Structure formats: structure tokens, C-alpha cells
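Okay, so here's the structure we're looking at.
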Amino acid sequence: GAVVSQHPSRVICKSGTSVKIECRSLDFQATTMFWYRQFPKKSLMLMATSNEGSKATYEQGVEKDKFLINHASLTLSTLTVTSAHPEDSSFYICSARDRVEYGYTFGSGTRLTVV
Amino acid sequence: SQQGEEDPQALSIQEGENATMNCSYKTSINNLQWYRQNSGRGLVHLILIRSNEREKHSGRLRVTLDTSKKSSSLLITASRAADTASYFCATGGIYGQNFVFGPGTRLSVLP
């Protein structure tokens with residue numbers, strides 16, 4: 001089945017630094033990938049839709065200059081949290097879809113802690 | 001915005017019992033999916049039911065969809081301790097919009 005690899009699984013960074021999270025579709029091509037943020041014991045909140053070869057579409061309230069998304073190829077999308085602050089600490093998850101009947105395949109998530 | 005709403009938000013049962021979770025949504029959909037998430041992990045797709053389907057089975061899972069009531073239910077039969085997780089429903093719009101997730105049901109299956 002479709003596999004989405006997300007890296008890193010955990011990252012701790014200092015305030016003011018930037019962190020890049022990668023999401024790769026391993027055995028299929030994904031023209032569209034999605035980035036979510038999840039707070040503890042809460043549901044996923046869609047942040048943005050990553051489109052291969054074009055600009056990402058951000059959800060209302062998500063700062064595009066804060067969360068930079070690049071979808072440079074059909075198998076890789078990256079989310080960069082720029083000038084991270086403690087309030088950016090969260091669980092970030094990406095997803096992509098191979099075939100409709102398979103549903104969306106999610107990465108294993110990245111736990112970001114900003115100290 | 002979130003439109004899937006799972007009910008209950010938390011459910012605790014004994015091993016062997018059945019667990020039923022419900023999901024309601026607001027707009028027209030193309031399909032509805034159920035996902036499972038173990039603590040601190042990514043989501044695992046469980047089952048997809050299309051808007052023209054009323055019931056679907058997969059192993060110990062049974063999903064129903066009532067488009068007139070804009071609701072779906074997930075039944076896990078003969079639950080096991082390993083079923084302990086959060087379960088989310090997600091809806092896909094008729095125009096291929098992104099999936100939106102409800103807050104989830106935290107299921108605890110006690111041995």
C-alpha cells in the first residue's frame with residue numbers, strides 16, 4: 001500500500017531558529033500533499049495544501065511566512081517553521097493520497113518542541 | 001473549518017465488548033473516512049465509505065452512513081486492549097476538497 005515517510009519524528013530547537021520537516025511519498029506520486037497541526041488530545045487542524053510546482057494554499061489564520069511549504073517534486077513536500085517560538089511547539093503531520101479508495105496516507109508525524 | 005464531530009469524545013469499555021462511535025457532519029460529502037491514531041503517532045486509515053453506500057465492513061469494523069442525517073457510525077466488535085486509540089472521522093467534499101477532521105473519540109479498552 002501507499003507509504004508516506006515523514007522526517008524527523010522528533011525535533012527540539014531553540015527559539016528563533018528554523019526547522020524543516022520533510023514528507024515523502026515512497027511508492028506513489030502525489031501532486032497534492034496536506035500539512036496538519038495537532039494539539040494535545042485535539043483533532044488535526046489543516047494548515048495548508050501543498051501543490052507540486054505551485055504555491056501552497058494556506059488555511060485561514062495560518063501565516064504563510066511563518067510556515068513555508070515547498071513541493072518541489074511529485075514525491076517530496078517540506079514544511080519549514082521559521083523563527084520558531086515555544087507556541088509553535090506541536091505535532092505536525094503530513095498526508096497524501098494515492099488512490100481514492102485507499103484514503104489518505106499519513107506520515108508518522110513530527111513532534112516539535114521549541115525551547 | 002472542522003465539520004466532523006465525533007460522539008462520544010471519550011469511551012471506556014471492557015475487552016470483548018463492542019464499541020460504537022458516531023460522527024456527524026454538516027455539508028454534502030463525496031465520502032467519509034475513519035482513521036485511528038495511537039498516542040503520539042500518525043493516523044492510520046481504517047475504512048472509506050462513499051456517499052452512495054450505506055454500510056461497509058472490514059474485519060471487526062462496521063461503518064454505516066446516513067446521508068439524510070449527515071451521520072456515520074463506526075462499530076468495533078469484540079474489542080481488544082490493542083484497539084485503545086483515538087478514532088477520527090474525516091469528510092471529503094464533493095468537489096474534492098480537503099478532508100476535515102472531527103475532534104475524535106478516545107477509546108480505552110480495559111483488559
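All of these numbers come straight from a predicted model, not from anything done at the bench. Per chain, numbering begins at 1; letters A, B, ... match sequence-line order. Values reported hereafter were calculated over all heavy atoms of this structure, with side chains retained and with hydrogens, waters and symmetry mates removed.
Taking A:Asn70 as the reference, nothing meets the side-chain hydrogen bond (donor to acceptor under 3.5 Å, both in side chains) condition, with sequence neighbours excluded. Checked against side-chain contact (heavy atoms from CB on, under 4.5 Å), B:Arg54 has the following partners two or more places apart in sequence or in another chain: B:Thr67. Residues forming a side-chain contact (heavy atoms from CB on, under 4.5 Å) with B:Thr105 (at least two apart in sequence, or on another chain): B:Glu6, B:Pro8, B:Leu11, B:Met21.
Within 6.0 Å of the CD1 atom in A:Ile12, the count of heavy atoms belonging to other residues, nucleotides or ligands does not exceed 12. Heavy-atom neighbours of B:Arg80 CZ from other residues, nucleotides or ligands within 6.0 Å: at or below the threshold of 12. Within 6.0 Å of NZ on B:Lys70 lie more than 12 heavy atoms contributed by other residues, nucleotides or ligands.
With a threshold of 4.5 angstrom between heavy atoms, A:Gln38 approaches chain B through side-chain atoms but not through N, CA, C or O.
Using non-hydrogen atoms only and a strict 4.5 Å limit, the part of residues 108-115 of chain A facing chain B consists of A:Ser108, A:Arg111.
A continuous path of ILVMFWY side-chain contacts below 4.5 Å connects A:Phe34 to B:Phe88, so both sit in one hydrophobic cluster.
One distance of note links CG of A:Leu44 with OH of B:Tyr35; it measures 10.0 Å at 0.5 Å rounding.
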